[in-house]
Structures are given as C-alpha cells and as structure tokens.
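Here's the structure, in structure tokens; my notes come after.
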Amino acid sequence: MNADRAAVDLDQLRHTAAHLLAHAVVDLFGSDVQLAIGPSIEDGFYYDFRKPAPFVPEDLPRIEQRMRELVGKDLKMSGREVSRTEAVAYYKDRNQPFKLELIDGIPADEPLSFYTIGEFTDLCRGGHVASSKEIGALKLTSLAGAYWRGDEHRPMLQRIYGTAFASQSELDEHLARVEEAERRDHRKLGKELDLFSIEESAGPGLVFWHPNGGRVRQVLEEFIRGELRKRGYEPVYTPHVVSEELFRISGHIQSFAENMFAPIDVDEQRYRLKPMNCPGHILIYKSRPRSYRDLPLRLAEFGTVYRFERSGTLHGLLRVRGITQDDAHLFCTPEQLQQEFENTADAALTVLKAFKFESYHFSVATRPDKAIGEPEVWDRATDAIKRACDNVGLAYEIEEGGGAFYGPKLDINVKDAIGRDWQLSTVQADFNLPERFELTYAGADGADHRPVMIHRALLGSLERLFGVLIEHFGGAFPAWLAPVQAVVMPITDGQFDYARRINDTLFEKGFRSEVDASNERLQKKIRTQQLRKVPYMLVVGKTEAAEGTVNVRARSGEQRTMSLESFVAELAAEVAARA
RNA sequence: GCCGACGUAGCUCAGUGGUAGAGCGGCGGUUUUGUAAACCGUUGGUCGGGGGUUCAAGUCCCUCCGUCGGCUCCA
C-alpha cells in the first residue's frame, strides 16, 4: 500500500519535473522552441522539443540549473479545463504544431485541460505534485534524438532525459545503481576479462568468442546437452546456407525478408543465410514418413542464425546479427502439446536456476487479432500451456493478444542480481509451419494427421545469455563457469616445480587452472588474479611445498591451508553442484 | 536507417594549427619475494579510412566506416 502510494507520487513528481524542464527550456531558449510531449517514465522523465539550432550537451547543466531555481521558488501547479477553441487558438498563436496535433488526436467528447506552473502553461491531462518544492532532487541525464510519436517517417525531435526524486539521498541511490550497472557492463568486462570481441574489420554485430569466453560457452553447451539427453532430445546439425526456396515455403521471405541477409547467387541457384533453424529441422522431419509412434520427435541444435538487425539497434552481445540459439523443434500430436510444454518449462527452469537469478516468472501470450487457425484450436493450446504452468508450479501472467500469428507462447523471464528483467526461455506453439510444409504422421487409425510443432529455446541465444550472465555475475563467474578456476602461485622460483605438479593434477582432474610463473611478488600476482576474478588462488611457498599442502585464497579474500586432495574434492563438489 | 556525441599505442587516457605523449601491459635485466601494484631499461602509433583547406592538420572542413546514448513509455 505504502509502496504503491510512493510510486504514484514519484510518477507525479517526475511529470511535474517534465513541465519544469519545458519551462526552463522556454526561459533559456525562447518561446519559439516547439514542444512535443513530456511524460514521466520508469526511471525519470523526458520532454521532446524541436528547436532550429539543436541543443548541445553543454546546454544540459544550464537547463538543470534553471530548473533548480524554479524548484526553489515553490511554484504551485494549477490546472483548469479549457475549451477546444481556446486550446487551439492558444497553440496557433504560439506556433506549436505538435500540440495542435495532440489536440486533434483527443476525442471530441473528452475535456481538455491546461496546467500552469510558474510562467509555463502546457496542455496536460494532469497528475502532478502540488508544488515544485516536492522535487527534492533532479538531474538531467542525456540528450537524444527521438521521432515524433516514435514514427521514423515523422520529424526527428530532440529529447532531454532527466530523473527526479523526493530527496537527494534517493537520487544518490539511483545514481549509485546506474554506476553499478556501468561497472557490470558486459562490453567493458568482455574487454577487461578478454572474453569476446566484435571486430570492426569483420563487421558489426558479429561476435568473436575469445578463449576465455569459449571456455564459458563450452561449459554452457555441455550443460545443455546433458539436460537434453535426459529429456529425450536428438542432436542434429543443419547447414548455415540453404536454398532460398526453403524460406519461401516457410514464408520467411514474404514476412521476414527485411531481417534477412541479402541472397547469395551460386550456379543459377539462390541461397540465403538462415535466419531461423526451423525449416532445416522440418526437412529432417520430412525426410521419411512419420508415425504417431515416432512422436514426440525432439530435434535440437545450437543453431547459428543470421539476422539483419538495423545498425542503430546493435548492442554488444545483447543484440547481434549472428545469433546462436540453443534451439529445438518438437513435433508432437495435439494431445501431447501440454506434456511437451510442461517438460520444456521444467527444463527451462532447471537450467535457469543453475544461474541463481533472483526470481523467475512465466508469461503466457494468447491469440492476437490477426492469427491463423481456428480459435478453438488456439483455446485448447492456450489452456494446455496454462495447465503446464500450473503443473510446473510457477505463477504466470497472461499477455492478452501477445502471441505470434501462428500460435500461443510461453516466455520465461528472470530478474538478475541487480534487479533487471530479462526474457530468456521461450516456448512457442506453431500451427503454421506444419501446414506450409504439409507435415503429416500416420495415426493409430492409419490415416494421415497434422503434427503440432513447438519452437523452443531454453537460454535464448548463447551470445545474449553470455552478456546477461557477465552482467548478472559482474564478471565473477561461479567456479563451474569460470574460464580459469584456479591459479597456482609459487612464491619464489624454488616452488615452480611443486606448482607445476599441482597444476598437472588439476588439469588431469578436468579443472581449468594455470600457474602464475611471472617474476613478480606475491602481492602483485594476487592483485592480477583478483582483477581477473579468478575463484581460487593456490599460494605455494616453502612451507606448502614441504608439507604437500596448498594455501587456498578464495576470490572473497578468505584463506585456508589444506591438502591438495581436499581442495580437489571441494572444488569438484562445488562444480558438480553448480554452486 | 534517423538524431546527437565520440574514435590518439594492446588497454585507460592527455594532447585547441607548429618535432605525437603518460600510466598500465609486452619484452629484457636486477631482485627470490607470504596474500590487491618491487626497481631499472626497452618496445610500442599511417592519431578509424579517404578527400580537402593551410607554408604547416591528431587539431579546421567534407565524406565513408565503427562505437556509444536514444528513436515502445502519449496531452
């Protein structure tokens, strides 16, 4: 109750701050600046402007300063209803085309209102704090381009983002959270920890996994393979380049072409880089007649697909053009749909829980307006998904009309260590592709039947998951995932041989370890490995070599001396438990 | 794709029209080190690519490439 109340206030406070932002801009730059909209948003507020000479970053401190002056004046916000005629006249006088368009878009039977704070009046439906004084702390955060009404065919405006809180301490906390997120940025850590790179000379959005990243990926892949084996999946491999005809049958050329790489013409034949794995898996299904006894057939592949994402949308590992999905396609009878969803949801939760996210939740997306297939089929499938969620025992929310045109889906979202939401797993029923490819199976009755297909990814894409995990763990991977699990540190070169023997033992036991044989003092070696976020450092000096022990320094700084056997046993247990 | 900012050594960054720099890293040496930075030396660059202005360009202009912040939040 209290939290709700506070959230509403924050929203109103920021909405008021947006008006003050416009007030300050008009004060400093004149009333010929054209105003668009200025709402409160999740972490603050913004206001969109059009101004002949664009704002420059140096303007922000000036605007912010002016806003503070306004806040300090204890200005009262007052609203009044206005007639449409008055509102239109007001904005015509002031040459404010965006405001006029907004008025035009408001239904004739809805009242219009103006809100005034200080000397600034704005068309606004209300929802404000009473006085500017309630804005205890504010900060303008960035300047960006934004299309009028988010439409790229309409004018580009300039958007000023800011945030505001009731007190300075709350603002400071928010800024500290932002800094923490920056510290965890996977692009920064990816470079510092030598995990991956994206090479200008190779092209944007294409990921190079360095050895340290490759080690993490290999662990993830082996983890998934093990789970899939237990759950009755079959491994398959399909080509990256296939005839365009395949994507014509699947419908991707017709509906997905703008996200596909351009065609490759070879020997009179036109090929495409695959943007999806499904058509390939379908060909395997179709390679021979199928019986109901073959179903469910579960075909899995770490399939790398290529999608042409617009250049401005690329973002580190989180949005790339070469994507490796931990993909699978399940071919089943309609009756098996619920069981398959249930198994998949369970598999997804099992896998995701290994990463120790803060929380997990399901989201069921139902039939959109434009959809293929009979509504009753959709209803049965959607009910099956809901029952599957119930049986797995995790609450779900309904995303009404959020499904794709070809079938309902189940998404699994997680919250990471700093409270951000990520959608990772997705399980998607498909009534469309079995039709397009005319898939059949022989039923017990001897007649041909149409199977249902399920697309599913547990991790989503390996690139994206890696980005999420880097940020979730802040680069400090747990021992089961860490690229280097232990570094053996001889204190002097008198212990080199002992250190190498320890390292050999760890290698033989299957661990990822190294010897730091550099000519450095122990302090420096420790510092170096702390910065690499290595889970364990095994310090070996004269004493350890004489006693056949290792001094184990954990990443936390905690130290213990033990036999190598004990360390091996503990690390093995930790890795096995994915602790 | 569009708006804006940015691009200097492997990394982090300084350098506002006049001889390209620092720290870290790398390499070589001295030191033989006990829990987050020993010391000395040395290596390192078509200043993102191309074009232009100028006696002179890392610096000013044009263009291309890449990166970053945005482009769903509705008066």
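Below, each value reflects all heavy atoms present in this structure, side chains not excepted, and no hydrogens, waters or symmetry copies. Sequence lines set the chain letters: A, B, ... in the order given, protein chains first and strands last, and positions in each chain run from 1.
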Regarding [X], tell me which of base, sugar-phosphate or nothing describes its non-hydrogen contacts under 4.0 Å with the strands shown.
X: A/Glu544; value: base
X: A/Gln523; value: sugar-phosphate
X: A/Leu157; value: nothing
X: A/Thr313; value: base
X: A/Lys191; value: sugar-phosphate
X: A/Arg187; value: sugar-phosphate
X: A/Thr141; value: nothing
X: A/Glu558; value: nothing
X: A/Arg159; value: sugar-phosphate
X: A/Pro111; value: base

Which nucleotide sits closest to the side chain of [X]: [options]?
X: A/Arg125; options: B/U32, B/C74, B/C2; answer: B/C74
X: A/Thr492; options: B/U32, B/C73, B/A36; answer: B/U32
X: A/Met156; options: B/G70, B/U32, B/G1; answer: B/G70

So that I can tick it off, tell me whether [Y] and [X] are bridged by a salt bridge, with the cut-off set at under 4.0 angstrom between side-chain N and carboxylate O.
X: A/Glu180; Y: A/Arg177; answer: no
X: A/Glu192; Y: A/Lys188; answer: yes
X: A/Asp185; Y: A/Arg187; answer: yes
X: A/Asp122; Y: A/Lys99; answer: yes
X: A/Glu110; Y: A/Arg125; answer: no

*Hey, could you give me the CG/OG distance between A/Leu571 and A/Ser513, rounded to the nearest 0.5 Å?*
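Answer rounded to 0.5 Å: 9.5 Å.
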*Within the 6.0 Å centroid threshold, strictly below: A/Phe114 and A/Tyr90*: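 They qualify: ring centres under 6.0 Å apart.
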Distance below 4.0 Å between [X] side-chain N/O and [N] OP1 or OP2:
X: A/Arg521; N: B/A37; answer: no
X: A/Tyr161; N: B/C71; answer: yes
X: A/Lys188; N: B/U12; answer: no
X: A/Lys524; N: B/G25; answer: yes
X: A/Ser142; N: B/G70; answer: no
X: A/His315; N: B/G70; answer: no

*Pick the nucleotide of RNA chain B nearest each of A/Gly150 and A/Pro204; which residue has the one closer to the 5' end?*
A/Pro204
*Want to settle it: does A/Pro57 or A/Ser518 sit nearer the 5' end of RNA chain B, counting the closest nucleotide to each?*
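Going by which nucleotide is closer to the 5' end, it is A/Pro57.
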*Does any donor atom in the side chain of A/Arg215 or A/Gln485 lie under 3.5 Å from an acceptor atom in the other side chain?*
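No, no side-chain donor-acceptor pair sits under 3.5 Å.
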When you compare [N] with [M], how far apart are their [atom1] atoms, in angstrom units rounded to a whole number?
N: B/U72; M: B/C65; atom1: C1'; result: 29 Å
N: B/C68; M: B/G48; atom1: C1'; result: 15 Å
N: B/G17; M: B/C40; atom1: P; result: 35 Å
N: B/U42; M: B/G58; atom1: C1'; result: 26 Å
N: B/G18; M: B/U54; atom1: C1'; result: 12 Å
N: B/U32; M: B/U46; atom1: P; result: 40 Å
N: B/G7; M: B/A14; atom1: P; result: 9 Å
N: B/A9; M: B/G15; atom1: C1'; result: 14 Å

May I ask which nucleotide in the shown strands pairs with [N], Watson-Crick or G-U wobble, both distances under 3.5 Å?
N: B/G21; answer: B/C13
N: B/C47; answer: none
N: B/C39; answer: B/G29
N: B/G4; answer: B/C68

Has the side chain of [X] got a donor or acceptor atom sitting under 3.5 Å from an opposite partner on the base of [N]?
X: A/Tyr147; N: B/G70; answer: no
X: A/Gln559; N: B/U35; answer: yes
X: A/Thr543; N: B/G34; answer: yes
X: A/Asn519; N: B/U32; answer: no
X: A/Gln158; N: B/G70; answer: no
X: A/Asn551; N: B/U35; answer: yes

Measure the distance from [atom1] on [X] to [atom2] on [N] and round it to the nearest whole Å.
X: A/Asp59; N: B/A5; atom1: CG; atom2: C1'; answer: 13 Å
X: A/Asp493; N: B/G34; atom1: CG; atom2: P; answer: 13 Å
X: A/Leu314; N: B/C2; atom1: CG; atom2: P; answer: 14 Å

*asked:* Over 60° means perpendicular and under 30° means parallel, so tell me whether A/His19 and A/His128 are parallel, tilted or perpendicular.
replied: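 A/His19 and A/His128: perpendicular rings.
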